[in-house]
Protein chains: 2
Amino acid sequence: MKKNLRISDTEWELMRVVWAQSPATAAEIIAMLTARDPTWHPKTARTLLARLVGKKALGYQPQGRAYAYTPLVSEADCVAAASESFVERVFGGSLRPMLVHLVEQQKLTPQELDELRALLAKKSPAAPKPPRKRPAP
Amino acid sequence: MKKNLRISDTEWELMRVVWAQSPATAAEIIAMLTARDPTWHPKTARTLLARLVGKKALGYQPQGRAYAYTPLVSEADCVAAASESFVERVFGGSLRPMLVHLVEQQKLTPQELDELRALLAKKSPAAPKPPRKRPAP
DNA sequence: ACGGATAGACCACAAACGTAGTCATGCGGA
DNA sequence: TCCGCATGACTACGTTTGTGGTCTATCCGT
């Protein structure tokens, strides 16, 4: 609900690991972070955890002598908010040019392209003027 | 080439109007900005223009007693960079979930969906296992 | 029981951001 | 010619972000 929630670039990485596995203690989170990116400094991570708690993006319960953190905001909500603000900023709110750009510029594997096609096929069962259509087997 | 170029949220709005119409004087840019968003303060816009010049994102030539600004970086490059950093941040670098999200969550008109489908069809002329295919009429 | 490793609390600090004000100056109209 | 207004130059300032350090209580092993 709260869109006043502003998650910065670096904070996103924290959130993603917590979303992936929660609850998680700071040590666990730091371990997961440094696993994929050794440049993470533990202190930095802890500061960010504290900030995310301050922002009400994370909550925590004491677990032993440490804290176990849990997300207070859903990943889906944040992804949606971030996506919206991104298209707004970069593409002026117009989604189509963005998709065109992504499909054109980024490299998608043929497999991913197929998945996308399938997705689109499902998405609009009745296109305005489909060249042809056939009932599913 | 320079990826050290960091364009902030607000700066993007400036850049987009300059990309849309360049060269443009500060007054023109401000006019275009306030046209779509009256909350823009002229002074703020001027500060951002100066910052963008400092960042080498914009250049300028004296035009009369004012400056005419022109982009020094292409919109395509910036869009690509922003897109990449966005997927990286929000989707952990994985493009497919992002497209899925966008197609699923955002509202695309049926027409846009068709365009996308067409785009995808062109993109991979030879799909691994097309259910069927038929030559165009 | 004691000393070192640890967790969280609190602090620091520069750079970037968002937002806007002041200053000096030159052009253009009265 | 003189004034004011628009313009760029410079300044201000609180907030956010990225990056880490210090301090203190504590738990665990020896």
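Chain A is the first sequence line, chain B the second, and so forth, proteins listed ahead of strands; every chain is numbered from 1. Computed from a predicted structure; not experimentally measured.
- Under the 3.5 Å distance criterion, the side-chain polar atoms of A/Gln21 are left unmatched by any main-chain donor or acceptor of A/Val18.
- Side-chain atoms of B/Thr25 come within 3.5 Å of backbone atoms of B/Glu28 as a donor-acceptor pair (strictly under, hydrogens ignored).
- Side-chain contact between A/Val87 and A/Ser94 is absent, with no heavy atoms from C-beta onward closer than 4.5 Å.
- Against DNA chain C, the stretch residues 8-21 of chain B makes heavy-atom approaches under 4.0 Å through B/Ser8, B/Asp9, B/Thr10.
- Among residue pairs with one or both ends in residues 46-55 of chain A, those qualifying as side chain to side chain donor-acceptor pair (under 3.5 Å) are A/Glu11-A/Lys55; sequence neighbours excluded.
- The closest side-chain heavy-atom distance from B/Val79 to B/Asp77 is not below 4.5 Å.
- Nucleotides of DNA chain C that come within less than 4.0 Å of any heavy atom of chain B span, from the 5' end to the 3' end, C/dC17 to C/dC27.
- Within a heavy-atom distance below 4.0 Å of DNA chain D, the residues of residues 50-67 of chain A found are A/Arg51, A/Lys55, A/Arg65.
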Solution key, residues 56-72 of chain A side-chain donor-acceptor pairs under 3.5 Å, sequence neighbours excluded:
| from | atom 1 | to | atom 2 | distance (Å) |
| --- | --- | --- | --- | --- |
| A/Gln61 | NE2 | A/Thr70 | OG1 | 3.2 |

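- Contacts between residues 24-41 of chain B and DNA chain C, defined by a heavy-atom separation below 4.0 Å, involve B/His41, listed by number.
- Cluster membership check: A/Ile30 does not share its hydrophobic cluster with A/Leu48, using side-chain heavy-atom separations under 4.5 Å among Ile, Leu, Val, Met, Phe, Trp and Tyr.
- Here the side chain of B/Arg89 pairs no donor or acceptor atom with the backbone of A/Ser8 at under 3.5 angstrom.
- When atom types are taken as modelled, the side chain of A/Trp40 and the backbone of A/Ala31 share no donor-acceptor pair closer than 3.5 angstrom.
- Looking at B/Ser74 and B/Trp19, their side chains never come closer than 4.5 Å, going by heavy atoms from C-beta outward.
- Ring geometry, B/Phe91 versus B/His101: the interplanar angle falls from 30° to 60°, so the pair is classed tilted.
- Looking only at side-chain heavy atoms (C-beta outward), A/Met15 and A/Val73 come within less than 4.5 Å of each other.
- Atom pair A/Arg6:CZ and D/dT15:P shows a separation of 16 Å (rounding to whole Å applied).
- Annotation: the span from B/Cys78 atom SG to B/Leu5 atom CG amounts to 5.5 Å, rounded to 0.5 Å.
- In this structure, NZ of B/Lys43 is placed 11 Å from C1' of D/dT11, rounded to the nearest angstrom.
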